Protein chains: 2
Amino acid sequence: MTQSSQDNCSSEQDSHKTHAKHNHDRCIATALNDAVLLCEQRGARLTQLRQRVLELVWQTHKPVGAYELLPLLAKEGFNSAPPTVYRALDFLLELGLVHRISSINAFIGCNQPKHEHPNGFFICRQCGNASELPALQLRELAKQLEASLGITIEGETHELTGLCASCSSKAQK
Amino acid sequence: MTQSSQDNCSSEQDSHKTHAKHNHDRCIATALNDAVLLCEQRGARLTQLRQRVLELVWQTHKPVGAYELLPLLAKEGFNSAPPTVYRALDFLLELGLVHRISSINAFIGCNQPKHEHPNGFFICRQCGNASELPALQLRELAKQLEASLGITIEGETHELTGLCASCSSKAQK
DNA sequence: TCACCTTAGGTTATAATGTTGCAATTCTAC
DNA sequence: GTAGAATTGCAACATTATAACCTAAGGTGA
């Protein structure tokens with residue numbers, strides 16, 4: 001359970017380094033473990049289908065489209081019509097196990113499902129990896145905006161694009 | 001040209017007050033005027049179709065879907081197939097005259113097309129109005145994130161939902 | 001255990017959103 | 001006024017998401 005933060009990528013501080021070599025199996029295992037616990041807590045059923053969809057979403061750190069999942073599920077003998085995958089994704093979204101990135105109509109695993117947090121991502125245009133933005137700064141922004149504009153914020157999504165640290169440094173070489 | 005800031009809603013400071021009674025004709029006129037100037041500057045052609053699409057987008061402060069515009073254009077004798085409206089919208093997006101709000105697949109007029117700025121909106125779930133978020137705070141956030149994560153941000157979109165100031169105060173009564 | 005109820009998933013069809021490719025037209029610059 | 005570029009018309013199609021209805025599986029209390 002204790003391990004160097006280089007080994008996986010589930011901790012928030014590391015989320016922007018997802019390009020770096022890491023033990024991705026551990027990412028998946030952690031995500032799955034979190035999911036099991038969360039479902040127990042909430043009395044929700046993590047069925048085979050739902051679990052498999054979660055695993056597939058977690059195969060990479062790149063956002064994945066719903067329709068990309070269909071053939072993968074089919075290959076494994078699952079039914080694979082759109083409603084099937086959308087229902088599974090809706091379930092996972094509801095529990096905060098995945099996020100939706102609406103600017104590219106794609107889904108990605110959440111690495112902090114245990115704690116509610118604003119939905120914010122940085123997507124590298126080079127490598128395609130997406131990483132969550134630090135909740136602290138997003139919350140700070142929201143607080144400021146609420147104070148200055150008199151609004152009440154209930155939901156937020158932030159989607160940034162550009163070059164990640166790794167791709168930036170490669171580009172300079 | 002000089003007028004009380006209550007009269008229209010084109011200034012950034014007022015953008016969150018778009019619910020309030022205001023001279024909306026002036027909003028449209030200002031937007032159109034900005035568009036004409038910007039097109040002249042850039043050597044771009046603000047054709048009848050493009051201008052009309054811009055006006056239609058500006059009819060309200062609520063984001064409008066591409067497919068909502070089609071029948072409106074048809075009514076006025078314009079061709080109205082999806083590519084027509086999408087091409088016009090793409091043109092307007094390119095020039096920064098409208099923004100796209102991807103979480104709801106909708107478009108909205110930009111009130112500061114003269115200055116490049118981050119794409120950020122607050123959308124009230126009650127009245128449906130959307131207003132731009134202050135560029136200053138968004139830029140500050142971007143700067144922080146670049147510094148702390150080592151990323152290079154090239155594009156950003158922020159989409160917040162909740163209750164606007166007006167709807168909040170009505171809710172309390 | 002059984003009957004009942006609720007939840008999950010299968011299946012078909014369709015809605016909503018967005019794009020491609022090519023022909024026809026209009027505009028602009030020379 | 002003609003060539004080339006930009007714009008629009010038009011038909012087809014691609015992608016993303018949902019509706020409606022039914023069957024199957026799991027959970028619960030008598």
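This is a predicted model, so every value here is computed, not measured.
- With Val64(A) as the fixed residue, the side-chain contact (heavy atoms from CB on, under 4.5 Å) test singles out one of Val53(A), Val57(A), Leu56(A): Val57(A).
- In this structure, CD of Gln51(A) is placed 16 Å from C1' of dA8(C), rounded to the nearest angstrom.
- At a cut-off of 3.5 Å, with distance as the only test, a side-chain donor of Thr152(A) or Ser168(B) sits close to an acceptor on the other residue.
- Once the 5.5 Å centre distance and the 30° plane angle are applied, the aromatic ring of Tyr67(A) is found stacked with the base of dT16(D).
- No hydrogens or angles considered: nothing links the side chains of Gln59(B) and His24(B) as a donor-acceptor pair under 3.5 Å.
- Donor-acceptor pairing under 3.5 Å is lacking for the side chains of Glu159(B) and His158(A).
- Each of Thr47(B) and Pro83(B) lies near DNA chain D, and the nucleotide nearest Thr47(B) is the one positioned closer to the 5' end.
- Summarising the geometry, the separation between CZ on Arg52(B) and C1' on dT8(D) is reported as 18 Å, rounded to the nearest angstrom.
- Going from atom CG of Asp90(A) over to atom P of dA19(D) covers 10 Å, rounded to whole Å.
- Mapping Ala106(B) and Arg50(A) onto DNA chain C by nearest heavy atom places Arg50(A) closer to the 5' end of the strand.
- With rounding to whole Å, Leu70(A) atom CG is found 10 Å from dT16(D) atom P.
- Rounded to whole Å, atom C1' of dT8(D) lies 13 Å from atom CG of Leu73(B).
- Checking dT11(C), dT16(D), dG18(C) against every side-chain atom of Ala81(A), the shortest atom distance belongs to dT11(C).
- Within the 4.0 Å cut-off from OP1 or OP2 of dT15(D), not a single side-chain nitrogen or oxygen of Asn105(A) is found.
- When each of Arg100(B) and Asn79(A) is assigned the nucleotide of DNA chain C bearing its nearest heavy atom, the one mapping closer to the 5' terminus is Asn79(A).
- Side chain of Thr84(A), nearest nucleotide from dG10(C), dT8(D), dT18(D): dG10(C).
- In this structure Lys143(B) satisfies the side-chain contact (heavy atoms from CB on, under 4.5 Å) test together with Glu140(B), sequence neighbours excluded.
- Straight-line distance from the CG atom of Leu49(A) to the C1' atom of dA25(D): 14 Å, rounded to whole Å.
- When the P atom of dT16(D) is taken as reference, atom CZ of Phe107(A) falls 10 Å away, rounded to whole Å.
- In the set dA19(D), dT7(D), dA8(C), dT7(D) carries the atom at the smallest distance from any side-chain atom of Arg45(B).
- As judged by a 4.0 angstrom heavy-atom cut-off over every strand, Arg87(B) is placed among the base-contacting residues.
- Of the candidates dG9(C), dT17(C), dA17(D), dT17(C) carries the atom nearest the Tyr86(B) side chain, counting heavy atoms from C-beta on.
- Straight-line distance from the CG atom of Leu69(A) to the C1' atom of dG9(C): 17 Å, rounded to whole Å.
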